[in-house]
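See below for the structure under consideration.
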4 protein chains.
Amino acid sequence: MTRLSREKAREATRGKLIAAARTCFAQHGFAGASVDVIAETAGYTKGAFYSNFDSKEAVFFLLLEDHLAQEIARGRSATAGSSFNEALNRMIRVYDLEGESQDWCLLAVEFALHAARSESFAARYTELCGNNHVQLGRNLTRLADLAGRPMNKPAYKASKFLAFRTGLALDRTAPAPSLTPGDVRGALGGFLRKVLLRI
Amino acid sequence: MTRLSREKAREATRGKLIAAARTCFAQHGFAGASVDVIAETAGYTKGAFYSNFDSKEAVFFLLLEDHLAQEIARGRSATAGSSFNEALNRMIRVYDLEGESQDWCLLAVEFALHAARSESFAARYTELCGNNHVQLGRNLTRLADLAGRPMNKPAYKASKFLAFRTGLALDRTAPAPSLTPGDVRGALGGFLRKVLLRI
Amino acid sequence: MTRLSREKAREATRGKLIAAARTCFAQHGFAGASVDVIAETAGYTKGAFYSNFDSKEAVFFLLLEDHLAQEIARGRSATAGSSFNEALNRMIRVYDLEGESQDWCLLAVEFALHAARSESFAARYTELCGNNHVQLGRNLTRLADLAGRPMNKPAYKASKFLAFRTGLALDRTAPAPSLTPGDVRGALGGFLRKVLLRI
Amino acid sequence: MTRLSREKAREATRGKLIAAARTCFAQHGFAGASVDVIAETAGYTKGAFYSNFDSKEAVFFLLLEDHLAQEIARGRSATAGSSFNEALNRMIRVYDLEGESQDWCLLAVEFALHAARSESFAARYTELCGNNHVQLGRNLTRLADLAGRPMNKPAYKASKFLAFRTGLALDRTAPAPSLTPGDVRGALGGFLRKVLLRI
DNA sequence: TATGAATGAGAGTTCATTCAT
DNA sequence: AATGAATGAACTCTCATTCAT
């Protein structure tokens with residue numbers, strides 16, 4: 001019991017720190033969010049951060065991994081039904097930029113830039129993204145199946161889709177976005193239909 | 001004459017510093033490029049930099065302005081002829097990601113992120129982008145005219161186009177891009193035809 | 001019995017921690033050896049360390065005490081026979097820098113430096129060293145007796161001897177030592193004969 | 001003139017920082033002396049330190065180099081005359097541990113320990129010491145010449161001499177040294193005569 | 001007795017910016 | 001106009017030590 005409560009407490013701390021990191025990174029970017037502030041936001045000190053994680057970068061990576069994994073899992077559920085239209089709408093919801101997703105897009109962009117400049121970081125990042133494209137490709141293939149359409153080079157299609165989504169995210173990010181949430185959903189849907197499924 | 005040659009000299013210094021800033025920002029990012037290195041790259045010292053510009057941010061902004069203005073001007077030329085197909089190809093060339101454009105996309109992305117986080121910066125940035133969308137919208141309208149197609153909400157279409165382009169740039173930026181330069185041109189062309197012109 | 005086995009267990013833990021500290025201090029120095037690593041090396045955690053010792057410094061002191069006591073005891077045995085030549089060789093062996101002795105010299109040096117800078121530490125250190133000089137002086141006197149030579153100011157002679165020995169240790173410590181183990185034994189022997197015994 | 005006063009000012013700052021580093025390193029050791037305190041001692045801030053030197057280690061190295069060079073130069077002068085006795089006394093004065101020399105010995109010891117543990121540092125350190133032994137060897141050879149004695153393996157003899165000197169320095173370092181300054185001079189002289197020159 | 005989560009002071013280093021020259 | 005010495009705040013990360021469990 002003692003053991004358990006210790007583990008629980010640790011897990012709770014970890015959770016708070018991760019949540020704080022999520023918030024801070026999204027608000028101030030990877031470079032702009034200091035470990036000090038992240039820890040403070042979580043109600044701890046720097047030391048707690050470093051006894052839970054190896055480095056600032058490690059936490060960011062963790063966050064990114066988690067997010068991608070969730071997105072893929074949600075996409076799998078979304079494309080599990082039998083109605084194409086419903087599946088399409090669910091996929092749009094998975095990839096639209098409401099809620100947490102917008103923050104994540106910003107972070108993803110920051111990390112893309114970081115990877116473009118830090119060799120040591122690039123390898124791990126490339127692997128992560130490659131895997132994400134493959135997995136998303138599978139989900140897109142299921143979507144195409146539902147539409148009764150063929151799907152060639154699914155990972156490549158996934159790249160294009162994510163590129164568009166990221167670009168939209170950057171627009172939504174602006175202090176005065178050109179696009180509304182509805183625009184984004186419309187754009188994603190149009191992209192999926194026309195560019196990917198050629199409907 | 002002394003007056004004139006002084007001004008010339010000053011202008012030359014400015015030019016070299018701006019060119020150096022362009023290179024350095026593209027290579028290392030806004031935060032990663034230090035004023036010291038920029039000045040050194042230009043063959044001067046920090047002091048020259050601060051004699052010519054108010055801050056690091058100011059130069060970056062200048063760079064962005066220049067680039068957007070050029071892109072718009074090139075787009076105007078591109079859509080000036082009478083053949084839609086030729087105009088489309090020229091537009092693709094203006095916005096593809098070869099040559100300097102790729103660097104610029106990275107910088108644009110960095111600035112978008114910066115704007116999302118610095119209020120003081122956001123206002124000027126918003127204005128710049130809004131204007132860019134309007135101008136690009138005009139060029140897209142001319143393209144639509146050549147295609148004999150209607151163009152609604154041109155600035156909004158411009159937003160979508162730039163979003164996609166930026167997303168593609170981010171992909172090309174990766175250590176192992178999913179997309180080839182040909183893919184990019186194909187994607188841009190397809191986007192212009194299908195999404196914007198509905199051909 | 002429970003009491004006894006508990007004490008035994010505690011003693012075992014202490015022993016392992018002390019051995020680990022010995023190894024770590026010698027390898028990385030006093031400052032460079034973290035309590036964390038020492039405890040881990042012993043197969044425990046920080047907590048065990050602090051349950052058994054007051055501080056990092058305290059353990060180091062303990063180590064030094066033990067070592068000096070052993071050196072003196074070995075010196076007493078070495079000078080216990082009746083043949084001067086054999087006794088001299090044994091003494092050289094006690095103070096040469098092979099085996100554990102070299103590590104000890106490094107640690108001794110580190111502590112000397114520490115004592116020069118920490119007042120609180122200095123008092124205990126001084127006492128320890130003074131005692132060591134006196135004891136070694138006695139052993140040197142016995143050596144002199146065997147040689148049939150007088151011995152004046154034995155503690156002072158001991159100081160000089162140890163100074164030389166420590167200096168040699170520092171040389172041996174270098175990545176590319178100037179002196180071989182044989183050189184060291186020769187130098188110690190020569191020093192004992194010429195400087196201390198004036199033979 | 002402007003240029004000159006700038007250079008002068010810089011040189012003055014450098015000088016003050018070096019002097020402060022000397023003091024602080026000697027007082028608190030390499031690790032114990034923080035850049036912050038060194039800069040403050042010199043009347044500047046950390047920033048000034050880093051615009052004058054690459055790193056803390058670099059300054060220490062500089063200090064060590066300077067000191068060794070001076071010691072060698074003084075040794076050359078000391079052995080330049082024609083009277084052996086006078087030369088010997090001068091050499092003793094060069095290597096006795098009064099004045100700044102004692103501090104230097106401590107620092108030298110600290111760096112020896114550092115070199116024993118940091119590979120990256122070891123190379124430069126080894127070179128420095130090797131050179132020092134050779135140069136001191138030359139001075140000792142000149143001393144031997146004056147005494148009309150042969151000198152074999154001068155660099156090796158130099159190693160032994162410096163080892164002894166360092167050991168003595170460590171003793172003098174103690175809060176309650178066993179040896180007086182006079183003892184040190186006596187010991188150095190004896191060592192030079194007996195061990196090195198076999199007089 | 002031993003654990004290990006958390007502290008918190010402090011480390012070395014970087015860099016945009018200022019200002020006397 | 002250009003220099004570059006100096007600032008000073010901010011950064012990531014380390015570690016001896018404490019204490020509730």
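Throughout, protein chains are lettered first and strands after them, A, B, ... in sequence-line order, and every chain is numbered starting at 1.
- Counting to the nearest Å, the C1' atom of dA5(F) and the CZ atom of Phe53(D) are 13 Å from each other.
- A tilted orientation is assigned to the rings of Phe30(A) and His114(A), their planes being inclined by 30° to 60°.
- In terms of position on DNA chain E, the residue among Asp36(B) and Leu17(A) whose nearest nucleotide sits closer to the 5' end is Leu17(A).
- Taking CG of Asn52(A) as the start and NZ of Lys16(A) as the end, the distance is 11.5 Å to the nearest 0.5 Å.
- Rounded to a whole Å, the NZ atom of Lys8(D) is 23 Å from the P atom of dT3(F).
- Phe49(C) places its CZ atom 18 Å from the P atom of dC19(F), with the value rounded to the nearest Å.
- Using a 4.0 Å heavy-atom cutoff across all strands shown, Ala33(A) reaches sugar-phosphate atoms only and no base atom.
- With rounding to the nearest 0.5 Å, the separation of CD1 in Ile38(C) from NZ in Lys56(C) is 6.5 Å.
- The neighbour count for Glu65(A) CD, taken as heavy atoms of other residues, nucleotides or ligands under 6.0 Å away, is above 12.
- Distance, His114(D) NE2 to dG12(E) C1': 13 Å, rounded to whole Å.
- Other residues, nucleotides and ligands contribute at most 12 non-hydrogen atoms within 6.0 Å of the CD atom of Glu40(B).
- With a 3.5 Å ceiling on both atom-pair distances, the Watson-Crick or G-U wobble partner of dC19(E) is dG4(F).
- We find that NZ of Lys56(C) is positioned 14 Å from P of dT18(F), with the value rounded to whole Å.
- Distance CG (Asp54(A)) to P (dC13(F)): 10 Å, rounded to an integer number of Å.
- With dT1(E), dG8(E), dG12(E) as the candidates, the nucleotide lying closest to the side chain of Arg10(C) is dT1(E).
- For a distance-only test at 3.5 Å, the side chain of Ser34(D) fails to qualify as a donor-acceptor partner of the base of dA11(E).
- Residue-to-nucleotide contacts include no donor-acceptor pair under 3.5 Å from the side chain of Lys46(D) to the base of dT7(F).
- Along DNA chain F, the nucleotide nearest Gly43(B) and the nucleotide nearest Arg14(D) are compared for position; the residue whose nucleotide lies closer to the 5' end is Gly43(B).
- Ile38(D) has its CD1 atom 15 Å from the C1' atom of dG10(E), to the nearest Å.
- If you measure from atom CD of Glu40(B) to atom C1' of dC15(E), you get 14 Å, rounded to the nearest angstrom.
- With dT3(F), dG4(E), dT17(F) as the candidates, the nucleotide lying closest to the side chain of Thr45(C) is dG4(E).
- The residue among Ser55(A) and Gly47(C) whose nearest nucleotide of DNA chain F lies closer to the 5′ end is Ser55(A).
- In this structure, Asn52(D) reaches the dA6(F) phosphate: one of its side-chain N or O atoms is under 4.0 Å from OP1 or OP2.
- Taking the nucleotide of DNA chain E with the nearest heavy atom to each of Thr13(C) and Ala48(A), the more 5' of the two is matched to Thr13(C).
- Note on Ser51(B): every side-chain N or O is 4.0 Å or more away from OP1 and OP2 of dA1(F).
- Note on Tyr50(B): a side-chain N or O is less than 4.0 Å away from OP1 or OP2 of dT17(E).
- The aromatic ring centroids of Phe25(D) and Phe60(D) lie less than 6.0 Å from each other.
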